[in-house]
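One structure is given below, encoded as structure tokens.
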Amino acid sequence: MASSAQSGGSSGGPAVPTVQRGIVKMVLSGCAIIVRGQPRGGPPPERQINLSNIRAGNLARRAAATQPDAKDTPDEPWAFPAREFLRKKLIGKEVCFTIENKTPQGREYGMIYLGKDTNGENIAESLVAEGLATRREGMRANNPEQNRLSECEEQAKAAKKGTWSEGNGSHTVRDLKYTIENPRHFVDSHHQKPVNAIIEHVRDGSVVRALLLPDYYLVTVMLSGIKCPTFRREADGSETPEPFAAEAKFFTESRLLQRDVQIILESCHNQNILGTILHPNGNITELLLKEGFARCVDWSIAVYTRGAEKLRAAERFAKERRLRMWRDYVAPTANLDQKDKQFVAKVMQVLNADAIVVKLNSGDYKTIHLSSIRPPRLEGENTQDKNKKLRPLYDIPYMFEAREFLRKKLIGKKVNVTVDYIRPASPATETVPAFSERTCATVTIGGINIAEALVSKGLATVIRYRQDDDQRSSHYDELLAAEARAIKNGKGLHSKKEVPIHRVADISGDTQKAKQFLPFLQRAGRSEAVVEYVFSGSRLKLYLPKETCLITFLLAGIECPRGARNLPGSVQEGEPFSEEATLFTKELVLQREVEVEVESMDKAGNFIGWLHMDGANLSVLLVEHALSKVHFTAERSSYYKSLLSAEEAAKQKKEKVWAHYEEQPVEEVTPVLEEKERSASYKPVFVTEITDDLHFYVQDVETGTQLEKLMENMRNDIASHPPIEGSYAPRRGEFCIAKFVDGEWYRARVEKVESPAKVHVFYIDYGNREILPSARLGTLPPAFSTRVLPPQATEYAFAFIQVPQDEDARTDAVDSVVRDIQNTQCLLNVEHLSASCPHVTLQFADSKGDVGLGLVKEGLVMVEVRKEKQFQKVITEYLNAQESAKSARLNLWRYGDFRADDADEFGYSR
């Protein structure tokens, strides 16, 4: 405790008391306080000072629990006002004091002054002047201090203040209530509105004793959502503090003890109330966490009315800085790189109700377990019971519903994965099987936490942890809240209804059952199915929901490379490209909803037929990608033509199964083209660039928001990690980032490298080109690669027109198009394909006028006459417009019809 000795007078005179200083920690009564020093490396020393020469009333005291016959002692009149007078004047303030007398028992009596020296307000005189204390009986006024006390008392009497007022002062006696009969009802009756209170005692950093006003309830309040280190009571009655318990207690005491606060009563635990204490200077709950004096506790964090995420964030702040009780903290994902902690991946398979297989941008596969949840399970199930053939997906209640929820929500979609912790591998025990290392993560799609959605539907439960176990979901509180909602609403596993039963017949490999079932499937035509498993490129296991059965299905019409097989005593190697074919089929159809046409079955009871997904025939796709050959049995099928044309195209590429194909000379056959109608399906696009040869680049309006979001995220990423100038060495064909003239970065592709100062780039999302120095280029971050979002600028040419070869005439046409459609929204329809790019018609978005037809009408271009029957109507319209332009002698036609024998010389043809 800070102190200074001030001595005055001659050595022969009376000794001047030493003046000492301290900060008022607590007011015990109207005539006693506790002062403390300044903290230095821990809680400071304290001492009790009693005011000499005066007496104030005694405060109420509760009877000791060890004395059953004892009774509670009430306040003496004016005792509480005296205490309040001192509390409001002194708490947290610096005072100086002198000790005048010390009893043999160690009690110290003296004078207390507000401020740093004895010139400050004399506290004893102030109390007496307010009539809140009296001079001790028999005290003679034989010195200046006692004279002043006598004068103050006479003035208080004359003014009838405090104890000298009329009446017995019974209105100043509190009706203290030490217990509450129904704490739950008491808490609910306040409806979480702030209650005024005084903190009377601090047991530890997170537990206080509070006096609720104005009804004088004395209650124990535990801070919701946190727990500070405590003082452990030993057998001999002494207390042993846990690490940082004393510091946490002082932290709370120095801010709250005997302060006026407001308390939000949130819940109750036994006779103790859970609440949040609000002080004008802040929220002590969050401060304790942020300073590393407390940890979050799961059992009460849900009742914290200001949001559990604030407490978790405060705790995370202390953990990251390793403050106090977190000094040895190591994060669960400390050993992971940032790219391995957070990434976007495509969901390929749902393993069960809490695990998925995803495909990373690198092409690798990774199994991800959903953090902190447990899938449905059989109560009392013995996982080692080998005599019982258990089919978890169908036999465990709600497992099928949980798997289906994940499958429909996730399969084939891109999700955001945030790794929360890595669960190490564990060996097998008598009751628990061995587990390999697990990556546990929070998986979100469209902002929805998949684990939380599962739990809220009652399709999974939340794992409970030891309080010091940090290996848990980063959204653990939301999971607990979701489970509480599911229990309250009786959802899924928490329902009192009968559990759903799935009687699924597995007839795969059962020849007898398959024979009985075959006619039914043949008559059904196309049946809905879900691909449950992929054995090889052409052999799958299907679940038929309408028929509630499992079948083995072989793709008809193709010969797929056979995979490796286990034979007695050896392993038969797979044929070339068998693994590629299996992977292709898995990526395309595993756990997807498909349609199947059953044609026949083989001797082993496997069904043979055609499988369609999104209108595509899987047999044709395998042939198209050179992973299968057409089987002769396809000749009688309606898909034979499609299979043959796909095989022919694959042969020409000479890839995979056709890598060693030698083309055999065949007789020339003139193909007969089928007549078809012109397809007019206009889609909205945004025109971003017009080239000098009258081609143009557009962006699909539907994916515009994805591009905007990607550009914003990419620029934020570049701003935080700017590329080092000159560090990037451009190579032809490589994707990169380029700084455009507006100073912003865009995705680009290197087209040509003349020198470091002259690099030709093409902006892949806008279609324009530029020559830049390599200093304005950088590496494209993987998170924004073309795998995440393909190039958005697509090149097209106008259908049914000839671009003028004369440079001036072509410039006029290009200028007209730039004026009319560049940086505007239009409607586009693909008319026919060509070697360079698709040829299209373009309409103005508002008037629906044909842009190409407009060019013809203005005489800026000529019509390209095509012979296809489906185009004859539109060609006729174009030719009529051309005749009108010719008659009006517009632009190309200003010198009349120049198309004569020399037309080829000028680059035109009829």
Salt bridge (Lys or Arg N to Asp or Glu O under 4.0 Å) between Glu108 and Arg47, intermediate numbers included
CA-CA 9 Å; Glu108 296 179 311; Arg47 62 199 288 191; 2.8 Å; yes
Rounded to the nearest 0.5 Å, what separates atom CG in Leu127 from atom CZ in Phe85?
5.5 Å
I'd like to check the side chain to side chain contact (heavy atoms under 4.5 Å, CB included) partners of Glu286; sequence neighbours left out, ordered by chain and number.
Asn283, Tyr304, Lys310, Leu311
Arg36 bridged to Glu46 by N-O distance under 4.0 Å:
no
Residue pair Val35 / Ile49, side-chain heavy-atom distance below 4.5 Å:
yes
Before accepting this row, confirm whether a basic side-chain N of the pair Lys249/Asp204 lies closer than 4.0 Å to the acidic partner's carboxylate O.
no
Check step by step if side chain to side chain donor-acceptor pair (under 3.5 Å) holds for Ser372 and Tyr465.
CA-CA 9 Å; Ser372 299; Tyr465 296 96; 2.9 Å; yes
Residue list, salt bridge (Lys or Arg N to Asp or Glu O under 4.0 Å) with Arg232, at least two apart or on another chain
Glu234
Under a plain distance cut-off of 3.5 Å, with no hydrogens placed, do Asp420 and Ser474 share a side-chain donor-acceptor pair?
yes
Measuring from Ile373:CD1 to Leu370:CG, what's the distance to the nearest 0.5 Å?
4.5 Å
Among pairs that include at least one residue of residues 293-302, which meet side chain to side chain donor-acceptor pair (under 3.5 Å), considering only residues two or more places apart or in two chains?
Asp298-Arg312, Asp298-Arg472
Validation row: His279, Leu256 side chains within 4.5 angstrom (heavy atoms)
yes
Does a sphere of radius 6.0 Å around CZ in Arg61 hold more than 12 heavy atoms from other residues, nucleotides or ligands, not counting ones at 6.0 Å or beyond?
no
Side chains of Val219 and Ile180, heavy atoms from C-beta outward: is any pair under 4.5 Å?
yes
Results of side chain to side chain donor-acceptor pair (under 3.5 Å) for Glu130 - residues two or more places apart only
none
Polar contact flag, side-chain donor to acceptor under 3.5 angstrom, Arg466-Gln471:
no
Mark yes or no for whether Glu315, through its side chain, and Cys296, through its backbone, hold a donor-acceptor pair below 3.5 Å.
yes
Between Glu483 and Lys491, is there a salt bridge with N-O shorter than 4.0 Å?
no
With side chains defined as the heavy atoms from C-beta onward, is the minimum distance between Glu478 and Asn449 less than 4.5 Å?
no
Give a yes or no answer on whether the side chain of Thr172 reaches the backbone of Trp78 with a donor-acceptor pair at less than 3.5 Å.
yes
Which atom pairs, one a donor and one an acceptor, fall under 3.5 Å between side chains of residues 93-100 and the rest of the protein, sequence neighbours left out?
| residue | atom | partner | partner atom | Å |
| --- | --- | --- | --- | --- |
| Lys93 | NZ | Lys89 | O | 3.4 |
| Glu100 | OE1 | Ser52 | OG | 2.9 |

Donor-acceptor pair, side chain of Arg203 and main chain of Val208, under 3.5 angstrom:
no
How about Tyr217 and Tyr178: are their ring centres within less than 6.0 Å of each other?
no
Would you please name every residue forming a side chain to side chain contact (heavy atoms under 4.5 Å, CB included) with Ala481, sequence neighbours left out?
Arg485
What is the distance from atom CD1 of Ile277 to atom CD1 of Ile263, rounded to the nearest 0.5 Å?
5.0 Å
May I ask you to test the Arg324-Glu291 pair for a side-chain heavy-atom distance under 4.5 Å?
yes
Any residue meeting ring-ring contact (aromatic ring centres under 6.0 Å, His included) with Phe343, in chain and number order, not counting sequence neighbours
none
What residues, two or more places apart in sequence or in another chain, satisfy side chain to side chain contact (heavy atoms under 4.5 Å, CB included) together with Asn101?
Tyr109
Report yes if some heavy atom in the side chain of Asp117 is under 4.5 Å from a heavy atom in the side chain of Val19; otherwise report no.
no
Does the Lys177 side chain pair with the main chain of Asp215, one donor and one acceptor, at a distance under 3.5 Å?
yes
Mind checking what makes ring-ring contact (aromatic ring centres under 6.0 Å, His included) contact with His201, not counting sequence neighbours?
none
Just verifying a value: how many Å separate Thr285 OG1 and Leu223 CG, rounded to the nearest 0.5 Å?
4.0 Å
Name all residues meeting the ring-ring contact (aromatic ring centres under 6.0 Å, His included) criterion together with Phe244; count only those two or more places apart in sequence or in a different chain, and write none if there are none.
none
Minimum heavy-atom separation for Ala82 and Gly30, please, with both atom names.
CB-CA, 3.9 Å
Summary of salt bridge (Lys or Arg N to Asp or Glu O under 4.0 Å) pairs that have at least one residue in residues 253-280, sequence neighbours excluded
Lys25-Glu253, Arg87-Asp260
Could you measure the distance from the NZ atom of Lys71 to the OG1 atom of Thr73? Nearest 0.5 Å is fine.
10.5 Å
Can you measure from CG (Leu479) to OG1 (Thr442) and round to the nearest 0.5 angstrom?
7.0 Å
Residues in side chain to side chain contact (heavy atoms under 4.5 Å, CB included) with Val187, at least two apart?
Leu265, Cys268, Ile273
Could you tell me which non-hydrogen atom of Leu86 sits nearest to which non-hydrogen atom of Ser29, and how far apart they are?
CD1-O, 3.6 Å
